[in-house]
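Computed from heavy atoms alone, side chains included, the values below leave out hydrogens, waters and symmetry copies. Quick note on labels: first sequence line is chain A, next is B, and so on, each numbered from 1.
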Amino acid sequence: MFALADCNNFYASCHRLFEPQYNGVPVIVLSNNDGCVIARSNEAKACGIAMGAPFFKIRDEIKKHNIAVFSSHYTLYGDISARVMTNLARFTPEVEVYSIDECFLGLSGFENLKEYGKTIRETVINNTGIPISIGIAPTKVLAKVANKTSKKHNGVMVLETQQQISDALSEYPVEDLWGIGRQFAHKLIKDGVETAAQFRALPVDWVQTHMTIVGVRMWRELWGESCIPLKTILDPKKGMCTSRAFGKLTGDYHELKEATSNYAARLAGKLRREKLCTTVLSVKLLTNKFIADELQAYPSITIPLEHPVNNTVDLINTALWGLKKIYLRGYQYQKVEVNATGLIPESEVQLNIFSAFKGKKYDQVSRVLDQLNLHYGAGTLRMAGEGKNQKWSMKREFLRPHYTTNWNDIIKVK
DNA sequence: TCTGGGGTCCTAGGACCC
DNA sequence: TCTGGGGTCCTAGGACCC
């Protein structure tokens, strides 16, 4: 048996933790650059605010319903997430942290699952203040179904018997299944398949033909055959990317250089934190696809590296070399992406005899950079090329303090 | 004015090997 | 005149996830 624990309206719940005056009122959280809605409290959902809605298009509704607005704050969410996961891990040795707000638990051999689920849920809520829901079923896909169903049943739902499973599936919209996205949902509904039960009743050959092996796995899981095992050990990452829209469009080469340097430096930092090196770096510029009458361009370059690196100096230099190659005058760019692929563990790097010495020096510089920034706060020390004024940096108009990750922002108890 | 960011997996087709 | 069979690796594109 598997349990899926899922934090309710996670980002919104994180903000409420430190500003409880927003309990019981509509709350939304915006994506980077305050672009779209990425989290909504139940009250905000009830106001009809759609997931993914562009912020500028719903300003009137926000005013009308007096909705509280927050810029996204991933350091806060990451920290709260870790607390939730630590609590969940106390209940079984088999844990898969599936995303920032979801966790699969292996519960094979456990009894009284309903009661156990309630205990897990109450413990997490008590210890972290984050509301969660728990779905328990024989497969991961069914646990997902149980989880979603649980939100209408006091937060814990067990699907164990054939009857319970088929009852749940017959009311479950096919587009809400884990593994059915927009494309497949559209195709299925057009063919009259509207519920999970109807999908399960399709011949497996049809599923194989139209939805490949991925669809078949999902179909089998709906019949109670577990095909997607619990991943208790994370696979090594295959790629890593820093990509962020600017606060404004720009065609200015100097600004693009600053942004590219900054993103490459962030990427280097992420690689070092995970003790990985990259062997291939790509850089891509993108214009804003939503502006129909603006000239569009997406120039990119993929650069194989002489030897695997994760130091800031080499990655910035390589990224800037790439930028120079792809830069086209006369376009207004919205975003630059810096992507690392062909990742290998730091410990497995083969040194190239010609560049070993230089690389070592830059590795030392990067290590000092990391130590200082860890101690004094991110961005304290950075490369001059990353710029000072950073006119391109993202918009976060509704940003709250770093309640749990910055000494100066910790709340005072009187 | 203003539309996110970071990932995974699978398949088909082409280049190449002996 | 007739032109094989069995592989691997890589990439692009398309689907999906939160």
Exercise. Is A/Asp6 reaching over with its side chain to a backbone N or O of A/Glu102, donor-acceptor style, under 3.5 angstrom?
Worked result: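 Judged by distance alone, no pair lies under 3.5 Å.
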Counting any heavy atom closer than 4.0 Å, what does [X] reach on the DNA or RNA strands: base, sugar-phosphate only, or nothing?
| X | value |
| --- | --- |
| A/Lys289 | nothing |
| A/Lys248 | nothing |
| A/Thr242 | sugar-phosphate |
| A/Phe290 | base |
| A/Glu337 | nothing |

For this session: Sort by first number and list every stem of DNA chain B: at least 3 consecutive Watson-Crick or G-U wobble pairs, both distances under 3.5 Å.
Result: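 Ordered by first number, the stems with DNA chain B (at least 3 consecutive pairs each) read B:5-18 with C:5-18.
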Are OP1 or OP2 of [N] and a side-chain N or O of [X] less than 4.0 angstrom apart?
| X | N | value |
| --- | --- | --- |
| A/Arg217 | B/dC9 | no |
| A/Lys144 | C/dC18 | yes |
| A/Arg59 | B/dT1 | no |
| A/Lys238 | B/dC9 | yes |

Exercise. In residues 183-199 of chain A, which ones come under 4.0 Å of DNA chain C, going by heavy atoms?
Worked result: A/Gln183, A/Phe184
For this session: Measure the acute angle between the ring planes of A/Phe246 and A/Tyr263, then classify it against the limits of 30° and 60° as parallel, tilted or perpendicular.
Result: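 Tilted.
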For this session: Return the orientation label for the A/Tyr74 and A/Tyr77 ring planes: parallel under 30°, perpendicular over 60°, tilted otherwise.
Result: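 A/Tyr74 vs A/Tyr77 ring planes: perpendicular.
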Problem set entry | Position toward the 5' end of DNA chain B (nearest nucleotide), A/Phe56 or A/Gly239 | A/Phe56
Seminar exercise, completed: Of A/Asp34 and A/Pro236, the one whose nearest nucleotide on DNA chain B sits closer to the 5' end is A/Asp34
For this session: Report the C-alpha distance between A/Leu374 and A/Asp370 in whole Å, list the side-chain angles of each, state the deciding distance to 0.1 Å, and finish with yes or no for side chain to side chain contact (heavy atoms under 4.5 Å, CB included).
Result: CA-CA 6 Å; A/Leu374 183 67; A/Asp370 290 341; over 6 Å; no
Pair [X] + [Y]: basic N to acidic O under 4.0 Å:
| X | Y | answer |
| --- | --- | --- |
| A/Glu221 | A/Lys144 | no |
| A/Arg83 | A/Asp79 | yes |
| A/Glu337 | A/Lys284 | no |
| A/Arg16 | A/Glu43 | yes |

Exercise. Is A/Lys324 atom NZ crowded by more than 12 heavy atoms from other residues, nucleotides or ligands, each under 6.0 Å away?
Worked result: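 Result for NZ/A/Lys324: open.
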In whole angstrom, what separates [X]'s [atom1] from [N]'s [atom2]?
| X | N | atom1 | atom2 | answer |
| --- | --- | --- | --- | --- |
| A/Lys395 | B/dG5 | NZ | P | 13 Å |
| A/Phe246 | B/dT3 | CZ | P | 13 Å |
| A/Asn32 | C/dC18 | CG | P | 19 Å |
| A/Ile180 | C/dC17 | CD1 | C1' | 13 Å |
| A/Leu177 | C/dA15 | CG | P | 18 Å |
| A/Met211 | B/dT11 | CE | C1' | 15 Å |

Exercise. Hey, do the aromatic rings of A/Phe55 and A/Phe398 have their centres closer than 6.0 Å?
Worked result: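 Close enough - the centres of the two rings lie under 6.0 Å apart.
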Seminar exercise, completed: Which of B/dC10, C/dC17, B/dG4 is nearest the side chain of A/Val214? It is B/dC10
